[in-house]
Protein chains: 2
Amino acid sequence: MAESGAPTQRESMADRIYQALKEDIFEFRLIPGDKFSESDIAQRLSASRTPVREALYRLEREGYVDVLFRSGWQIRQLDFKQIEELYDLRITLERAAMHKICRLDKPPPALRLLNDIWNPDAPSERAFGSTVRALDESFHCELVAAADNDEMTQVHQRITDRLRIVRRLDFTRPDRIDATYREHAEILQALIANNPGEAAEKMTAHIRTSQEAVKGISLERIREVSQQHRRREPGRP
Amino acid sequence: MAESGAPTQRESMADRIYQALKEDIFEFRLIPGDKFSESDIAQRLSASRTPVREALYRLEREGYVDVLFRSGWQIRQLDFKQIEELYDLRITLERAAMHKICRLDKPPPALRLLNDIWNPDAPSERAFGSTVRALDESFHCELVAAADNDEMTQVHQRITDRLRIVRRLDFTRPDRIDATYREHAEILQALIANNPGEAAEKMTAHIRTSQEAVKGISLERIREVSQQHRRREPGRP
DNA sequence: GGTTGCAATCTTGTATACAAGAAGTCTTTA
DNA sequence: TAAAGACTTCTTGTATACAAGATTGCAACC
């Protein structure tokens with residue numbers, strides 16, 4: 001998503017730090033279990049502790065880090081139960097979005113736009129690798145957004161962020177990419193045909209298979225990927 | 001809810017301030033549109049600006065206040081569209097909870113406990129006024145919690161907090177209280193009979209009627225109630 | 001070796017100082 | 001009277017100072 005055009009004045013230092021840390025987590029530069037202090041971050045990002053604390057507390061409330069009383073901060077461990085619950089919640093929201101979209105007065109333009117991307121008749125246009133990962137994410141987010149409930153969209157966005165790390169580890173096998181294209185197209189077909197029940201069922205199945213693919217992800221696998229990343233672009237942890 | 005027994009050390013000043021401000025909002029001591037500065041709050045609560053800022057930023061992210069760049073803070077206006085959306089989201093989550101409860105291996109104990117409270121056969125035990133309001137809130141929260149998805153429970157709790165102000169203005173007419181008892185009992189019956197579809201439909205209808213009752217709430221009405229409260233317990237705004 | 005006590009260091013939580021800018025006020029001028 | 005402009009005051013955003021306690025490393029002792 002591009003920078004929102006809001007006239008909210010310049011981006012604050014705290015926002016910058018928040019974004020930087022979140023990206024550090026998504027890019028495996030900070031991995032579950034890593035410990036650090038506010039001063040570490042402040043020094044690394046050339047700021048004082050105040051905006052760093054603001055960013056960290058925000059990340060804490062969103063579930064990315066833990067604060068240990070007078071003993072530093074830690075990237076929160078990936079909890080399998082929590083991931084399951086987030087997937088369940090995601091399914092609940094996206095199913096509801098399917099029904100809401102079909103109850104709208106007129107079909108949202110997003111349907112046509114998405115159909116252009118995921119149309120199975122234009123296989124030459126297919127993306128791959130990290131691109132299809134980003135496209136998949138925006139497919140789901142834009143469908144929820146099309147349901148026209150900002151609160152739901154925000155909650156869903158937060159879940160999407162939270163699950164991004166594990167979803168990264170999917171989308172490697174070509175057959176999964178093929179399936180993604182096929183399933184997305186089918187979901188859009190059902191929506192365009194104004195068949196919310198079928199869209200919801202297909203969406204559920206689609207998310208569940210992705211969830212299954214991700215189920216085997218262990219902390220070791222993440223650490224492994226993290227090492228690969230670190231070797232490719234050496235930088236401070 | 002009583003203080004959680006977590007060994008999380010003492011409650012921080014920032015937490016205290018957060019709670020105090022939230023209560024000020026719920027109790028109409030701070031009403032939409034009110035402006036104030038960090039120093040105001042700090043002085044009133046005998047603290048420095050640092051923990052006040054922490055509390056305020058948390059409230060901002062939860063949607064209760066706005067920060068005006070270098071121009072103070074403001075209690076966020078009640079947005080009708082947002083309230084509608086929150087109600088919609090609430091219905092989505094509680095419907096999902098109905099289905100999840102019926103898919104559990106064994107019915108959760110909460111069902112029996114709630115049935116003791118809302119049993120229509122014991123009309124003598126009925127609560128009224130602010131008590132029934134609190135009971136209604138915990139009825140819905142505990143049902144969602146019984147679905148055994150912590151992430152969903154947390155999101156639902158945040159929505160419940162956010163809607164508390166408008167729900168306060170319901171539960172005045174005795175017929176609404178009667179209906180609440182009847183509808184809650186019916187929902188529990190459907191759940192105990194393992195009929196998720198019926199439970200979901202009855203829940204939807206139940207929430208919708210409460211939403212309708214609240215629909216006419218205007219800012220003026222809130223200001224009015226706020227004045228009554230202020231007259232009853234005079235204190236600093 | 002294993003353990004205990006102590007002290008130096010590090011950490012967060014809170015308070016305060018400073019900077020850049022917004023807002024309101026008061027004076028001055030036509 | 002109305003408007004304009006300078007100035008004072010106030011506000012948040014950031015940096016720094018201080019306090020209480022957690023952690024750790026080391027030395028002394030059994």
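Here is how names work: the chains are called A, B, and so on, in the same order as the sequence lines, proteins then strands, and each is numbered from 1.
- At whole-Å resolution of the value, CG in A:L68 and P in C:dC10 are 18 Å apart.
- The interatomic distance linking B:D40 (CG) with D:dT11 (C1') rounds to 10 Å, in whole Å.
- Between B:H140 and B:H206, the ring-plane angle classifies as parallel under the 30° and 60° cut-offs.
- Nucleotide D:dA15 holds its C1' atom 14 Å from the CD atom of A:Q43, rounded to whole Å.
- One finds no side-chain N or O of B:W73 lying less than 4.0 angstrom from the OP1 or OP2 phosphate oxygen of D:dT11.
- Atom CD1 in B:I17 sits about 14 Å away from atom P in C:dG13, given to the nearest Å.
- Legend: residues meeting ring-ring contact (aromatic ring centres under 6.0 Å, His included) with A:H156, ordered by chain and number and at least two apart, are absent.
- A:F36 places its CZ atom 13 Å from the C1' atom of C:dT12, with the value rounded to the nearest Å.
- Side chain to side chain, B:R95 and B:T204 meet the donor-acceptor criterion of an N or O pair below 3.5 Å.
- When the salt bridge (charged side-chain N to carboxylate O under 4.0 Å, His left out) test is applied to B:D150, the partners found at least two apart in sequence or on another chain are A:K81.
- Rounded to whole angstrom, the span from the CG atom of A:D66 across to the C1' atom of C:dT11 amounts to 16 Å.
- Looking at residues two or more places apart in sequence or on another chain, you find no side chain to side chain contact (heavy atoms under 4.5 Å, CB included) involving A:L113.
- Scanning residues 45-60 of chain B for heavy-atom distances under 4.0 Å to DNA chain C yields B:A47, B:S48, B:R49, B:T50, B:P51.
- B:Y64 pairs by the ring-ring contact (aromatic ring centres under 6.0 Å, His included) definition with nothing, not counting sequence neighbours.
- Distance CE (A:M13) to C1' (D:dT12): 15 Å, rounded to an integer number of Å.
- The nearest whole Å value for the distance from the CZ atom in B:R16 to the C1' atom in C:dG13 is 14 Å.
- With sequence neighbours left out, the salt bridge (charged side-chain N to carboxylate O under 4.0 Å, His left out) criterion links B:D88 to A:K100, B:R208.
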Contact list (N/O, under 3.5 angstrom) for nucleotides 21-25 of chain D vs protein:
from: D:dG21; atom 1: O4'; to: A:R70; atom 2: NH1; distance (Å): 2.8
from: D:dA22; atom 1: O3'; to: A:S71; atom 2: OG; distance (Å): 3.1

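- Evaluation of the side-chain hydrogen bond (donor to acceptor under 3.5 Å, both in side chains) rule for B:R58 yields no partner, not counting sequence neighbours.
- Sorted by first then second residue, the side-chain hydrogen bond (donor to acceptor under 3.5 Å, both in side chains) pairs that include residues 17-26 of chain B, not counting sequence neighbours, are B:Y18-B:K22, B:Y18-B:E62, B:K22-B:D161, B:D24-B:R29, B:D24-B:R44.
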